[in-house]
Amino acid sequence: MAVYNPSEIEKKWQAFWDKNETYKVDIDTSKPKFYVLDMFPYPSGAGLHVGHPLGYIASDIYSRYKKLKGFNVLHPMGFDSFGLPAEQYAIQTGQHPAITTEKNIETYIGQMKNIGFGYDWSREIRTSSPEYYKWTQWIFMQLFNSWYNKDTDQAEDIETLEALFAKGGSAAANAVCEDELAEFTAEEWNALSEEEKYKTTLDYRLTYLSESMVNFCPELGMVLSNDEVKDGVSERGGYPVIQKKMRQWMMRITAYCDRLIDGLENVDWSHSLKEQQKNWIGRSQGASVKFPVAESDLLKERAFEGKVEVFTTRIDTIYGVSFMVLAPEHEWVDTLTTPEQKDAIEAYKLETQKRSELDRMSDVKTVSGAFTGSYCVNPVNGEQVPIWIADYVLAGYGTGAVMAVPSGDQRDWNFAKHFDLPIPAISDAQQNLEEAADASKEGKYINSGMINGMEYQPAVDTLISWIEENKVGKGKINYRLRDAVFARQRYWGEPVPVYFKENGLPYLVDESDLPIVLPEIDEYKPTETGEPPLGRAKGWKYVPQPPTPSPKGEGEFVSYDYELSTMPGWAGSSWYWYRYMDAKNDDAFASKEALDYWQDVDLYVGGTEHATGHLLYSRFWNKFLKDKGFVKQEEFAKKLINQGMIQGRSSFVYRVKNTEVPTFVSYGLRKQYETQRLHVDVNIVDNDILDVEAFKTTRLDVPENAEFILENGQYKCGSEVEKMSKSKYNVVNPDVLVDRYGADTLRLYEMFLGPLTEAKPWDTKGIEGTSRFLKKLWRLFFDQNGSSLLVDDKGTPEELKALHKAIKKVGADIEGFSFNTSVSNFMICVNELTDLKCHKKEILEQLLIIISPYAPHIAEELWARMGKEEGSITSQEFPAFNEEYLKEDEIEYPIQIGGKVRVKLSFPAETSKGDIEKAVLANDEVIKWMDGKPLRKIIVVPKRIVNVVV
RNA sequence: GCCGGGGUGGUGGAACUGGUAGACACGCAGGACUUAAAAUCCUGUGAGCCGAAACGCUCGUACGGGUUCGACCCCCGUCCCCGGUACCA
């Protein structure tokens with residue numbers, strides 16, 4: 001083989017790695033561990049485009065580098081293989097999702113192997129395989145058997161809760177549990193039957209059944225979590241989503257709100273991602289206050305006695321309350337409405353119901369509302385204020401009621417203006433209350449009873465202690481985050497390991513019965529009675545072991561109905577990094593030995609789109625597993641890198657309007673015609689020049705006789721950066737590029753494109769640069785005829801300098817995740833060595849080692865061709881950087897400044913002493929300024945002093 | 001609106017976080033080799049000025065100010081782009 005032939009050597013080495021299990025890794029306590037994890041993909045039918053491997057390439061480089069640095073590196077890959085597309089495909093075609101999924105995974109693995117990733121494939125996992133979801137179900141069971149103790153601030157066995165009940169009744173538990181659920185004494189608890197006790201505990205568990213409002217998408221026939229709903233429509237498919245009451249399995253993620261926020265302090269994740277999670281959890285500190293409803297004959301008649309509870313972050317403004325507002329859906333609205341107001345309220349409720357979620361969100365300016373006719377009493381001053389309803393108050397946040405302070409809140413102000421309600425000032429800083437509300441915390445309070453004359457913080461403290469003393473409210477932290485719905489009315493997901501007894505209560509299956517395998521069904525749609533698809537599974541019943549004969553008849557055993565919904569998509573992905581540690585274990589999700597050794601993920605690479613979904617749920621489950629002592633670390637991923645999206649660069653042709661024969665005009669001339677812009681497949685466009693023949697033959701809508709108005713004999717296309725997608729004809733398939741240029745070139749180019757974390761457009765033409773680079777690298781070893789150029793001589797200072805510059809920079813670049821600049825540094829190094837005609841083994845050996853994480857195939861090949869043992873490059877050590885080689889071109893020149901400070905200065909070797917003297921003298925001003933200031937070094941370019949640094 | 005991140009040649013992007021701005025690459029122009037093409041190599045390439053040439057000069061990192069011997073980098077103000085989020089009380 002005379003010249004660099006990527007496709008040949010890449011196949012060879014990929015086969016070699018497979019055969020020799022080069023990347024298989026085991027526990028090795030003699031080495032420090034390092035765990036590099038990619039977010040595993042959902043294997044979609046479309047396969048990978050050039051944007052997908054970006055993060056995988058970066059993590060592959062990093063793990064290869066860490067290995068060369070002496071770490072025992074775990075770098076696995078698997079598939080998040082439960083999911084909606086396979087199921088929808090199944091509904092349309094009848095093909096079992098497992099088959100579709102299997103096929104797609106094969107494609108993915110093929111594509112990944114093509115790029116030469118160093119995954120330990122022996123650890124591959126699939127969330128849809130029973131061996132895997134056995135443990136997802138097992139974790140569900142652990143969650144079910146636990147409750148959250150606010151006092152010890154961790155999850156505990158449900159037995160500890162029962163112990164509390166037995167000792168102090170519900171009060172003992174409610175004191176340490178966020179929600180005030182039941183009320184009973186210890187005696188009452190102890191008198192309960194086992195079944196009643198069990199029933200009581202159900203509401204306290206970390207997974208619980210709840211009748212709650214859910215986002216229901218009629219089109220998809222399923223419940224969606226908040227992060228699956230974007231702008232009132234489903235993220236997948238964009239179908240309308242409505243609110244619906246449903247009995248659902250829930251996950252008590254809210255118990256972990258504080259720890260989920262606080263834990264962010266201890267992980268090296270991007271600032272913006274941490275902010276996203278914080279905003280999503282939405283912790284706001286304030287107070288909850290109860291406003292008693294003012295007594296009236298009507299309410300007495302209706303036997304109503306209640307207090308409107310509100311949450312506020314500005315308790316200091318409570319003297320400015322001039323009305324109350326309830327959400328139209330608030331449960332007391334009907335009771336509080338007087339007969340005179342009934343028509344207005346009913347009309348308003350109807351109106352808000354009609355307005356869809358979307359309208360309500362997009363139209364925030366229109367002020368609307370209605371008066372109930374009732375009043376409530378401000379507990380701090382006894383004043384009566386009217387109770388209104390308005391749709392700017394959301395039923396789903398806080399208590400669904402707010403105390404309106406028009407002087408301090410713009411929305412309340414707008415409402416007050418519109419309905420002509422009073423806007424009392426409460427601070428001497430509030431000046432233009434006729435114009436707008438003033439929410440600032442400046443100034444001293446006025447018209448404010450007990451806090452008159454105070455400033456913000458003392459006022460808050462005073463009021464909080466007052467309301468707590470008088471039992472009308474308390475300081476409270478409110479969260480935006482809701483508990484997560486943990487059920488989907490779908491087939492292709494993990495069955496929930498729960499069955500229902502005759503009493504209607506849910507019970508866990510026995511652990512020895514795991515996994516509860518997904519049953520076969522004939523159709524993947526909901527049943528006629530509206531049950532989830534699993535309702536179609538014939539004879540799918542839970543039979544407790546050992547089977548007890550059923551009174552029903554011969555050979556029948558007592559059996560129960562399973563839970564028919566399946567787990568949501570995020571279940572399997574919320575713990576998968578542990579499974580890789582011990583992927584084949586059938587006795588535990590991972591052995592203690594594996595968990596102790598691998599501990600947690602050192603580097604996690606993936607997209608930012610999972611900020612408020614996967615990454616939050618995973619942290620939640622991890623904290624739970626930590627509480628229960630199953631895992632070691634409070635946070636599962638020490639460092640997280642979000643790779644930026646690779647956008648497509650679309651090409652356009654310009655079709656002239658109203659022509660008989662379809663006519664296309666070149667980009668530069670398009671303004672002379674009236675044209676229509678059309679996407680054209682980027683694969684038949686080279687450097688903005690359209691392959692006209694290919695265009696005519698591949699596009700069915702373009703006839704053979706189509707005309708083209710050219711410029712300079714070529715058809716030039718327009719272009720624009722857009723999201724990469726099929727419909728825009730701008731998808732670039734990595735396989736095509738691997739075929740044409742080789743995987744190493746693709747790997748280098750994807751890194752060279754720009755900073756890993758930035759979004760950047762894909763532009764295929766630039767790949768020539770990295771392709772040329774690898775050819776140049778090859779030519780350091782072989783001439784055009786394929787004869788070896790290698791020599792045994794020692795490297796010259798220039799050669800060593802070129803090499804060590806690269807060693808230094810590449811090392812620093814990888815540690816700093818600047819993969820793009822390290823590719824530049826390889827290029828500089830190879831260019832310099834080419835200029836120096838350096839073919840010395842001593843130099844090239846080390847060069848290959850530092851390049852090998854980026855371009856493993858060519859590095860392996862050249863390594864072997866140097867006479868080294870095949871495949872041994874992966875077990876080399878990353879060369880140590882030696883400063884001496886870079887220093888050589890500097891001379892030191894001691895200089896005295898201002899008579900007292902004596903410093904040693906370094907200059908490039910080519911600077912002559914005379915030049916330095918002249919430069920120093922010519923820069924008298926600078927020297928004077930330097931006098932008396934701490935100095936570090938003086939930077940000199942030939943003939944000019946540039947600067948002085950400490 | 002709020003939160004976060006940005007704005008550097010024709011293009012993607014460098015600049016060790018205050019020290020020669022534009023590395024490296026693409027593209028473009030010119031040249032060498034070749035019957036020709038491909039491949040490869042060489043030269044030039046921010047804008048402008050002075051020059052026969054060399055040396056050199058001015059401007060230049062979205063815009064306007066400021067701090068500093070020195071600013072893409074720090075501070076103040078303005079404009080624009082991207083991501084997240086939103087009647088969250």
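This structure is a prediction, so every number in the text was calculated from the model and none was measured. In the text below, chain A, chain B and the rest are named by the order of the sequence lines, each starting its count at 1.
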Enter syn or anti for the glycosidic conformation of B/rG7, syn applying to angles within 90° of 0.
anti
Side-chain touch A/Asp813/A/Asn820, heavy atoms, less than 4.5 angstrom
no
Are any of the side-chain nitrogens in A/Lys805 or A/Glu832 under 4.0 Å away from the carboxylate oxygens of its partner?
yes
From B/rG27, B/rG5, B/rC87, pick the nucleotide closest to the side chain of A/His271?
B/rG5
Would you indicate, yes or no, if B/rA89 has its OP1 or OP2 atom less than 4.0 angstrom from a side-chain nitrogen or oxygen of A/Arg480?
no
Where the side chain of A/Glu275 is concerned, which of B/rG4, B/rA25, B/rC88 is the nearest nucleotide?
B/rG4
Glycosidic conformation of B/rU34, syn or anti, with 90° from 0 as the boundary?
anti
Please tabulate, one pair per line, each protein N/O and nucleotide N/O from nucleotides 37-39 of chain B that are separated by under 3.5 Å, including the distance.
none

Establish whether the base of B/rC26 is bridged to the side chain of A/Asp763 by a donor-acceptor pair shorter than 3.5 Å.
no
By nearest atom, which of the nucleotides B/rA89, B/rG13, B/rC41 is closest to the A/Arg779 side chain?
B/rC41
Heavy-atom distance under 4.5 Å between the side chains of A/Arg480 and A/Trp280, does that happen here?
yes
Taking the nucleotide of RNA chain B with the nearest heavy atom to each, does A/Arg314 or A/Asp813 sit closer to the 5' end?
A/Asp813
Distance test, side-chain N/O of A/Asn820 to OP1/OP2 of B/rA14, below 4.0 Å
yes
Dot-bracket for RNA chain B: what is it, with Watson-Crick or G-U pairs under 3.5 Å, [ ] where a pair crosses earlier ones, and | for a pair to another strand?
(((((((..(((......[....)))((((((.......))))))((((......))))..(((((..]....))))))))))))....
Ordered by number, residues from residues 821-837 of chain A within less than 4.0 Å of RNA chain B (heavy atoms) are A/Thr821, A/Ser824, A/Met827, A/Ile828, A/Asn831
For B/rA89 and A/Tyr392 - does any side-chain N or O of the residue sit under 4.0 Å from the phosphate oxygens OP1/OP2?
no
